[in-house]
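To keep things clear, I will list the structure first and then write my remarks on it.
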Amino acid sequence: MDLFEHQGKEIFARHGISLPPAAVAETPEEARRAAERFGGRAAVKVQVQIGGRGKGGGIVLAKSPQEAEESARRMFERGFGGMAVTRVLVESLVDIASEFYAALTLDRSRGTYIAMVSSKGGVDVEEIARTDPATIRRVAVDPRIGLKAYQVRYLTGHLPEEARSGTASLLPKLYDVLIASDATLVEVNPMALLRDGTVIPLDAKVTVDDNALARQPEVAALRSSFPVDPTQARANDEGLQYVKLDGEVGIIGNGAGLVMSTLDVVTQAGGRPANFLDVGGGASAEMMATSLEVVLSDPAVRSVLVNIFGGITRGEVVARGLLDALERVDADMPIVVRLDGTNAEEGRRILEEAANPRIVPAPTMLEAAARAVELARTSPEGVHG
Amino acid sequence: MDLFEHQGKEIFARHGISLPPAAVAETPEEARRAAERFGGRAAVKVQVQIGGRGKGGGIVLAKSPQEAEESARRMFERGFGGMAVTRVLVESLVDIASEFYAALTLDRSRGTYIAMVSSKGGVDVEEIARTDPATIRRVAVDPRIGLKAYQVRYLTGHLPEEARSGTASLLPKLYDVLIASDATLVEVNPMALLRDGTVIPLDAKVTVDDNALARQPEVAALRSSFPVDPTQARANDEGLQYVKLDGEVGIIGNGAGLVMSTLDVVTQAGGRPANFLDVGGGASAEMMATSLEVVLSDPAVRSVLVNIFGGITRGEVVARGLLDALERVDADMPIVVRLDGTNAEEGRRILEEAANPRIVPAPTMLEAAARAVELARTSPEGVHG
Amino acid sequence: MSILIDETTRLLVQGITGKEGAFHTLRNRDYGTNVVAGVTPGKGGQDVDGIPVYETVAEAVDATGADTSLIFVPARFAADALYEAADSGVELLVLVTEGIPVLDMVSAVGYLRGTSSVLLGGNCPGLISPGKANVGIIPGEICMRGSVGLISRSGTLTYQIVHELTQRGIGQSTCVGMGGDPVHGIGFVDALRRFEADPETESVVVIGEIGGSDEEQAAAFISQEMTKPVVAYVAGLSAPPGKRMGHAGAIVTGSSGTAQAKVDAFEAAGVRVGRNPTEVAALVAA
Amino acid sequence: MSILIDETTRLLVQGITGKEGAFHTLRNRDYGTNVVAGVTPGKGGQDVDGIPVYETVAEAVDATGADTSLIFVPARFAADALYEAADSGVELLVLVTEGIPVLDMVSAVGYLRGTSSVLLGGNCPGLISPGKANVGIIPGEICMRGSVGLISRSGTLTYQIVHELTQRGIGQSTCVGMGGDPVHGIGFVDALRRFEADPETESVVVIGEIGGSDEEQAAAFISQEMTKPVVAYVAGLSAPPGKRMGHAGAIVTGSSGTAQAKVDAFEAAGVRVGRNPTEVAALVAA
């Protein structure tokens, strides 16, 4: 779960990290009043769950309260990177001497956390990592020991003398945020040395492990502030992974790998997937029914491909769920069903006995994909239940 | 550093552990008033830094406030196990269903902590450990992971059903005490299941790592409540390890092993050591001087044996310290000095040049011991500076 | 031969009395796996269709000589189940449980490195040495004994590809589902090394997907150390790029994480890459 | 041969610029030890009498190929110094620092088990392979090259016994001071195993003292696995019993911890025990 900058900074503040005075604004007027409080000049920063704000116009340095108001209004109206914008952060300007980069994140390949400090920040740090790797120092962090003192000395050893002790006291606090919040990413870009000698985060990118939200109720509660699509929300509530795409073949499968592969074969067959929907392991009949409803709620869908290979998921449960769903939703389009694995034969028999005219059985994944693509082409447009 | 029971229990309470109502009394009258508050009947428990109170009469179950007062008075007057008693703990009586034993301590041989629970407590658990080892379950605890849930289940699995969940919630708190207080022992004997179903510690033996006192200022401050011998206190203040013994040959050495060995050879030579004094590694002239003053302050001392084998400790520093001390204290007894190791030759030369009549050089440890024992026999009695 | 499990495997199931635990335990036993014990705290002394249930793993190991544990406990107890199994000397831990917090896995994986236990998973379907033992939730009926080793980050996609192999009459030595969680036990390189050393395995199928850099590492290992032929598949060629939050991930891996980058890495290492599961099976047959 | 250190040892000193650090570093170098580097944070680029000082252990190892580290840092930095040295690939860590909190040592010793680094100490005098290398604070001039291996819990008592051996013309292969702290690195059993395997070592002296159960474990190891003769000494035969707080310690060790119990354990294992340092040397000479 990706937090807004201001949410990340609120967590930072709770761990004793100094930050510039700032206020969240949900209207242009609130942005203006905040800028007034900060003496007229302020940074207005769009709050979104993606990066690239600096380059993409998501951060405006307003020279007056009016300019802050106008910038905020534009942000609310236009959104950012295709996402709705419901709040901006208005932040007092600070006197920056130089900018660096710091991050703590997961190193999947080693199964540890990793801490990184770059002596260059505020710019394209990925490019720096490629072209000038010596500017980025990194260390592995074992959570059973924590960030070791010698590691902090090493991480800060290539910074200008005057930035070292400030960064050295900031890093353990960022590490505390990582562990205490079950985060998988705590990124500060830029981390700024101010003219007064302090080192503070100017940005905060915090991603919290979804698997840990049950033990992070305060963090989980922040979800309520995120802009949500109602279809997406419904899918999530049922434990389904649903991503809307641009095509016309609705796709339901079990297991992320199989669903991705199904998208690939549909594409290879000349079709365009309308979505990614993973019902997960051990799907219930109810989850299958909800999946079908979710996919069918997309008006662009012309055919649906259900591709289930059972392990924990059982074929007869899938079949009953599909039949249940077809009693609840009036699906006037073909649903190509391909079932294999655990109890698949029973599932196929149930579907055969039900003899629902919408259900088109297919023996293999490739044939199912070809059939779904073909049916999407010939299916009547715009007739939905 | 061994804490009084009541100090251990105060730490327990800060970690959310339930305990019987109790009050510390420093006079018999305070003990009486506390017993009155607890309804007349109360346990009066001597507060000392040693075990064996149960068998040794250090715990009295008083049936009235008067009895509590009298018991406390006896304790203050008589001391316990040769130690002065300055406070007793008066504790409300609880309704005990059964008694067990729990401890967390260091396992030196494995270099880990160990947690133990015995299904028999309140009695001689060492005897139980020998005769009926199955009653004691033990697990190794890695502080980088903590007491694991499965270990708590195992540790409590042999207790009566009704004591398991109470003990299972108590153990992690005792572990927190161990780690948070830098303790090397947290022992609860007995740990009691009460008739109301709760499990509570009735005693608390907590030993804190002396090496960690610098980062445990609250615990270190408890030292001020311990009865102290002024000579002992002076030695400790200088970083000297001093233990008073019953003999007449004062002993000063560097390194606990060498001092112990010096005690042994003095004993083998027919003498009796008057003390154990380890000046430690890298002793300064000042520490040597204080050592001599400390040893000479014991009126039973008839001769002194200084046995130094230098590593970090340097011979010339030892020699100068001894000469300094002899200018400050009027030592009218022989001081046998045996110096070897780092800069020993220089040290021997300095002593030779000083030609102090009190200083008797000896070439080897055995000869030094023999000489010191012999001189103690012939030294005039009772003439001290 | 085969890798990790075979007919000598003595299987213990942690969380055997749960619904999924009991279901798959009995399926594994029906397959012929030597299921010797189960563990569920509070249910010691019971049995699951004749399989004795113990209070602790240590007791179960003492009583039955179990050397492999299949773990179905709820996510919040998963790390503890790993500690218990490793501390009790179990050699192979197969963790099916999904939804385990990353921090728990980082701690547990670090701890296990200091023991002699080997972890597969979490969030994994387990593994099967067809005709010998099935440990986990891979449907045994789709597999066939043979000489193709298979290692996969995916669950059901694995079944799909195994199914395609079997339908062509191509059997498998061992099929390993390593799971898709970011921090996990046995990975591509571990499995490839074992397959390279296994006399029964003649070729290997590697099934990857977008994200991370496991495939790139596998490709590097294959080009340097594998003598047996490898066929790969990478799911997600048509996946849209994900929305990115920060730069740290890309800096750590030095990889874009796209399926195409992984396909390119495999092909540069001389690995034949199938465009879909059917083509994978065809390449193995070729 | 010898154990742990010899003429090929490349020594690095952590805390080289401190008073004791500098003093003993130069003594070690004067002895002939190949001291290649020092580390003191904030003093990288300086030198100590020509020995280059680096900012980090990793830099020092990269620049000089150091394989052994002698550690003199203050107690509160000791665990971090161990982590840094181990993470930088140093093979042998000799920790002289005393007064390190037990919790720090338990954590560090647990961490080091997962690495290839070997720890000696803390609160130890170090070790010397006479005529080859001296790493620590043992006075080199009291030692003499020869075939007696020596391992001791004590510091100065070790010097005493080495001194007695040398005065009788009995040389030493390696003298190891393991230190007296309750949680430590190399112990009696580790050292005995190395001495048993070392061709230069013909007999071994073990120097114990009251407390703990290290001597009892050494006795068990000697009776089961040592072929070379062992002479032991245990300090504290005349020590009065300590005042006891709880029972846990005795339950853990199953031992009284007295010197006499240790002497008995050694003698039961066929080890000759000297009553004082002089007698130890006489027994070795016999």
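The sequence lines fix the lettering, A, B, ..., with proteins before strands; numbering per chain opens at 1. These figures come from a predicted structure and were not determined experimentally.
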Using atom types as modelled and distance alone, determine if a side-chain donor or acceptor of B:Thr342 lies under 3.5 Å from a backbone N or O of D:Pro139.
-> no

Interface residue of largest heavy-atom contact number with chain D, from B:Ala103, B:Gly111, B:Gly253, under 4.5 Å = B:Gly111

Checking salt bridge (charged side-chain N to carboxylate O under 4.0 Å, His left out) for the pair B:Arg215/D:Asp104: CA distance, chi angles, key distance, verdict?
-> CA-CA 12 Å; B:Arg215 66 185 184 197; D:Asp104 292 11; 2.8 Å; yes

Interface residue of largest heavy-atom contact number with chain B, from D:Ile100, D:Asp214, D:Val109, under 4.5 Å = D:Ile100

Contact origin within D:Tyr111 toward chain B - heavy atom pairs under 4.5 Å = both

Where does B:Ile145 contact chain D at under 4.5 Å (heavy atoms): side chain, backbone, both or neither?
-> neither

Could you tell me which of B:Thr184, B:Leu106, B:Thr207 has the largest number of non-hydrogen atom pairs under 4.5 Å with chain D?
-> B:Leu106

Residue part contacting chain D, namely of B:Val206, when any heavy atom lies under 4.5 Å | backbone

Would you name the heavy atoms of B:Gly255 and D:Thr156 that are closest together and state the gap between them?
-> CA-OG1, 3.5 Å

Smallest heavy-atom separation, B:Gly257 atom then D:Glu209 atom, equals CA-OE1, 3.6 Å

Establish, from distance only, whether the side-chain atoms of D:Tyr233 and B:Ser261 form a donor-acceptor pair under 3.5 Å.
-> yes

B:Glu187 versus D:Ala248, closest heavy-atom pair with distance = OE2-N, 2.9 Å

Would you check if the side chain of D:Gln160 reaches a backbone N or O of B:Phe309 as a donor-acceptor pair within less than 3.5 Å?
-> no

Closest heavy-atom pair and its distance - B:Leu258, D:Ser154 | N-OG, 4.0 Å

Is the shortest heavy-atom distance from the side chain of B:Arg144 to the side chain of D:Val106 under 4.5 Å?
-> no

Heavy-atom contact with chain D under 4.5 Å, split by part of B:Leu104 = neither

All side-chain hydrogen bond (donor to acceptor under 3.5 Å, both in side chains) counterparts of B:Gln268, not counting sequence neighbours = D:Asn276

Kindly indicate whether the side chain of D:His247, heavy atoms from C-beta on, has any atom under 4.5 Å from the side chain of B:Asn189.
-> yes

In sequence, state the C-alpha distance, the side-chain angles, and the governing distance for D:Arg275 and B:Val265, and then conclude on side-chain contact (heavy atoms from CB on, under 4.5 Å).
-> CA-CA 8 Å; D:Arg275 285 193 319 145; B:Val265 294; over 6 Å; no

Relative to chain D, which segment of B:Phe276 carries a heavy atom at a distance below 4.5 Å: side chain, backbone, both, or neither?
-> neither

Residue part contacting chain B, namely of D:Pro240, when any heavy atom lies under 4.5 Å | side chain

Specify which of D:Leu237, D:Ile210, D:Ile142, D:Val234 makes the most heavy-atom pairs with chain B at under 4.5 Å.
-> D:Leu237

At a heavy-atom separation under 4.5 Å, does D:Ser213 approach chain B through its side chain, its backbone, both, or neither?
-> side chain

Leading residue by heavy atom contact count with chain B [cutoff under 4.5 Å; candidates D:His184, D:His163, D:Glu98] = D:His163

Selection from B:Leu213, B:Ile114, B:Asp142, B:Asp340 maximising heavy-atom pairs under 4.5 Å formed with chain D = B:Asp340

Based on non-hydrogen pairs under 4.5 Å, which of D:Ile137, D:Val96, D:Val183, D:Val102 is most in contact with chain B?
-> D:Val102

Determine the option with the most heavy-atom pairs under 4.5 angstrom with chain D, choosing from B:Met116, B:Arg53, B:Glu126.
-> B:Glu126

Contact class of B:Asn254 relative to chain D, heavy atoms under 4.5 angstrom | both

At what distance, to the nearest 0.5 angstrom, does CZ of B:Arg108 lie from CG of D:Asp181?
-> 9.0 Å

Mind checking whether B:Thr364 and D:Thr278 have side chains closer than 4.5 Å, heavy atoms only?
-> no

Does any heavy atom of chain B fall under 4.5 Å from the side chain of D:Val189, the backbone, both, or neither of them?
-> neither

Within a reach of under 6.0 Å around CD of D:Gln260, are more than 12 heavy atoms found that belong to other residues, nucleotides or ligands?
-> yes

Taking B:Asp264 for the side chain and D:Gly236 for the main chain, is one N or O donor matched with an acceptor at less than 3.5 Å?
-> yes

Where does B:Leu185 contact chain D at under 4.5 Å (heavy atoms): side chain, backbone, both or neither?
-> side chain

Apply the test side-chain contact (heavy atoms from CB on, under 4.5 Å) to residues D:Leu103 and B:Ile179: give CA-CA distance (whole Å), side-chain angles for both, the deciding distance (0.1 Å), then the verdict.
-> CA-CA 7 Å; D:Leu103 177 57; B:Ile179 298 301; 3.8 Å; yes

